[in-house]
Protein chains: 2
Amino acid sequence: MATIGDVAKAAGVSRSTVSYALSGKRTISSETRERIESAIDLLGFTPNAGARALATSQTMVIGLLVQFFRDEFSPAMLQYVLPISDAAREAGYDILMVTEDDGPKALRRITDSDMVDGVVLLNVAHEDERVPPLRAARQPGALVGLPKDTEGLDVFDLDFGEAARMLVDHLHGLGHREIILISPHEHVITRGGAYAWRFRDAALERAARYGLRIYPYDGETQQPAISESLDSILDQRPTATAMIVHNDAMIAGLPPVLNARGVRVPDDLSVVGIFSEDFGRLFSLPYTAIETSPDKLGRAAVQALVQRMQDPDSAGAPVVRFIAPELTDRGSTR
Amino acid sequence: MATIGDVAKAAGVSRSTVSYALSGKRTISSETRERIESAIDLLGFTPNAGARALATSQTMVIGLLVQFFRDEFSPAMLQYVLPISDAAREAGYDILMVTEDDGPKALRRITDSDMVDGVVLLNVAHEDERVPPLRAARQPGALVGLPKDTEGLDVFDLDFGEAARMLVDHLHGLGHREIILISPHEHVITRGGAYAWRFRDAALERAARYGLRIYPYDGETQQPAISESLDSILDQRPTATAMIVHNDAMIAGLPPVLNARGVRVPDDLSVVGIFSEDFGRLFSLPYTAIETSPDKLGRAAVQALVQRMQDPDSAGAPVVRFIAPELTDRGSTR
DNA sequence: CTGAAAGCGCTTACAG
DNA sequence: CTGAAAGCGCTTACAG
């Protein structure tokens, strides 16, 4: 492969001149610039990324730590990964995607060896073991998901409390008095998925204020447990007129169950959920829902990270930003 | 950050000795080894990846080129990405995941700049624009999916022809004489997704040999077109007793349609498909199907690539390997 | 407007 | 068993 030295030789200039022509960091006479450019074309020169990284202390790579749980519904993850990858590329960064089970170890590996300029953590838990090593790393980090201790990190998440209140308000406004509430699988809570209880607690509190009856249930993640669980819940609560589902797997499995029972939406039951537009389209979900905006969250995380990587001083104090929930009315309530 | 020089100083040895202690490429007296190790622990030293890459010409990174199409069903992609990432890590490699729209350009960028030691291409088309630049790159490449010209590349794919024949044989053996065949969306064919016609053509040919009636249709990718299309097909072919579905989106949308029409499987209609176990579980598909084994394919691609990256000479001639299809009987035929 | 040189942090022949 | 030195391919002060 051609090096910067080959280009310099072919163009009859020094290596530094080629480097400056590449970076534009000093003025080059148009004559030499042209000689350099044709030499580059001729030799098909592309700067070696490792050498550049060594010289500049910048890799132009962002580490993306993805976490998969067997008992979690997977298709949702891609909705975060893609926008993050796109946003990174737009800012000139590539993505090193790490899916190792041992997140803290993987994180230390890529930060200590300076493989990346910054890190995005996905699917962050309340007491996420990746957070302390990220905080200790010399690279900045941005999180998608709210941990207990956010100090020193940029954090982005949906406002799950507000989302729950909006849904309860919506149903209350329509006159519903008895509401089924389906939460994520209890493993999500055990694992510290704070969004689970942030949503549920807010819903319960709001319902209590209105004097509504609310029937909380944990959800399942796999068939046939999903359908069985839905059937059992509906059997137990024949007087409920509305249902709030905060569980991707459960709401994806809901249509056939309602269909089989002859329950019409919204005539017999009002149903609301919280999922992304893409997810709803994927599973053809006809339900009014809070949009979870994975693309907004991912992009916001990358933006903040890029800012901090490129100009650590001007980036200011770390932020915790909640995306405001928006209700998409699909006509499944009344 | 501590460098190898700091460690050397702290341990009272030369930098080369530290390096050799790290790599184990020459014998070190246990005494010096211990001094070095405690110095490493003390300073928290991790070798700089960029410097190492520069010195060794090895990045220990694999480029993974993912391609997303808006009219394609996305959840399937993750099933390939994850096993590839896992297999790479087991072999000591990290994954640089590239999702850019301009695949050829992205490919040149990461190979020309030596960011990666090798490349895996996912979702390969018949005349895939990424293949020529990959062939031109100095790094080896492995493909998941069969292109027209496989020269110089390791290629892994399911044997879609054999898969189609197995399904036709299966239905023929049960006495079916009229079969509906649902293919991927026609865009998949336009785009050069060879698996579409490899499967379809083999099915048609096999059916012709048996003298079976086969009714071929293209599928849709989005609701409500999916349901409408299924309904229309079933309306058109009331005499068909079996259905072969080679389309993730269509088969995921099939259960509610059959349910609504009161069609019982397998009593009224035998249904077979071709999808992965994970996919089937995700959508609770109760259909006998050919297992597409994305994990096997991904892992095989990584293995071949690692072999070629680590020992280009002994790796031998490039291979085109078809994974043998396996039928998973879920009792949806008779 | 341009060049010679030092330096980024490693590895690995060469030497002893 | 260990060290001094060259080299990987860049960037960037320093100098003119």
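The model shown is predicted, which means the values in this text are computed figures rather than measured ones. So that the names make sense, note that chain A is the first sequence line, chain B the second, and so on, each numbered from 1.
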Span of DNA chain D, from the first to the last nucleotide whose atoms fall under 4.0 Å of chain A heavy atoms
dG9(D) to dC14(D)
In terms of side-chain heavy atoms, does Asp154(A) have a donor or acceptor partner in Gln307(A) at a distance below 3.5 Å?
no
Between Ser19(A) and Ser16(A), do the side chains contain a donor N or O and an acceptor N or O under 3.5 Å apart?
no
Looking only at atom types and distance, does a side-chain atom of Asp6(A) sit under 3.5 Å from a main-chain N or O of Thr3(A), one as donor and one as acceptor?
yes
Among residues 24-42 of chain A, which contact DNA chain C at a heavy-atom distance under 4.0 Å?
Arg26(A), Thr27(A), Ile28(A), Ser29(A), Thr32(A)
I need the single residue from Leu153(B), Asp149(B), Thr150(B) that forms a side-chain contact (heavy atoms from CB on, under 4.5 Å) with Val131(B). Which is it?
Leu153(B)
Glu127(B): salt bridge (Lys or Arg N to Asp or Glu O under 4.0 Å) partners, not counting sequence neighbours:
Lys148(B)
Just jot down the salt bridge (Lys or Arg N to Asp or Glu O under 4.0 Å) partners of Asp295(B), sequence neighbours excluded, or say none.
none
Does anything in residues 52-61 of chain B come within less than 4.0 Å of DNA chain D? Heavy atoms only, and list the residues if so.
Leu54(B), Ala55(B)
Would you jot down, in residue-number order, the residues of residues 4-12 of chain A having a non-hydrogen atom under 4.0 Å from DNA chain D?
Ile4(A)
I need the full list of ring-ring contact (aromatic ring centres under 6.0 Å, His included) pairs touching residues 113-150 of chain B, with sequence neighbours left out, sorted by first then second residue.
His126(B)-Trp197(B)
Where at least one partner belongs to residues 80-104 of chain B, residue pairs that pass ring-ring contact (aromatic ring centres under 6.0 Å, His included), sequence neighbours excluded
none
Quick one: which residue pairs count as a side chain to side chain donor-acceptor pair (under 3.5 Å) with a foot in residues 38-59 of chain B, not counting sequence neighbours?
Thr59(B)-Asp117(B)
Under a 4.5 Å cut-off applied to non-hydrogen side-chain atoms, are Leu122(A) and Gln67(A) in contact?
no
Set of residues satisfying side-chain contact (heavy atoms from CB on, under 4.5 Å) with respect to Arg321(B), sequence neighbours excluded:
Phe156(B), Ala300(B)
Taking side-chain contact (heavy atoms from CB on, under 4.5 Å) as the definition, give me every residue that meets it alongside Ala87(A), ordered by chain and number, with sequence neighbours left out.
Arg299(A), Val302(A)
Could you tell me whether Thr3(A) contacts a base, only the sugar-phosphate backbone, or nothing, with contacts defined as non-hydrogen atoms closer than 4.0 Å?
sugar-phosphate
Listing for DNA chain D: consecutive Watson-Crick or G-U pair runs of at least 3, distance cutoff 3.5 Å, ranges ordered by first number, gives C:1-3 with D:14-16, C:5-12 with D:5-12, C:14-16 with D:1-3
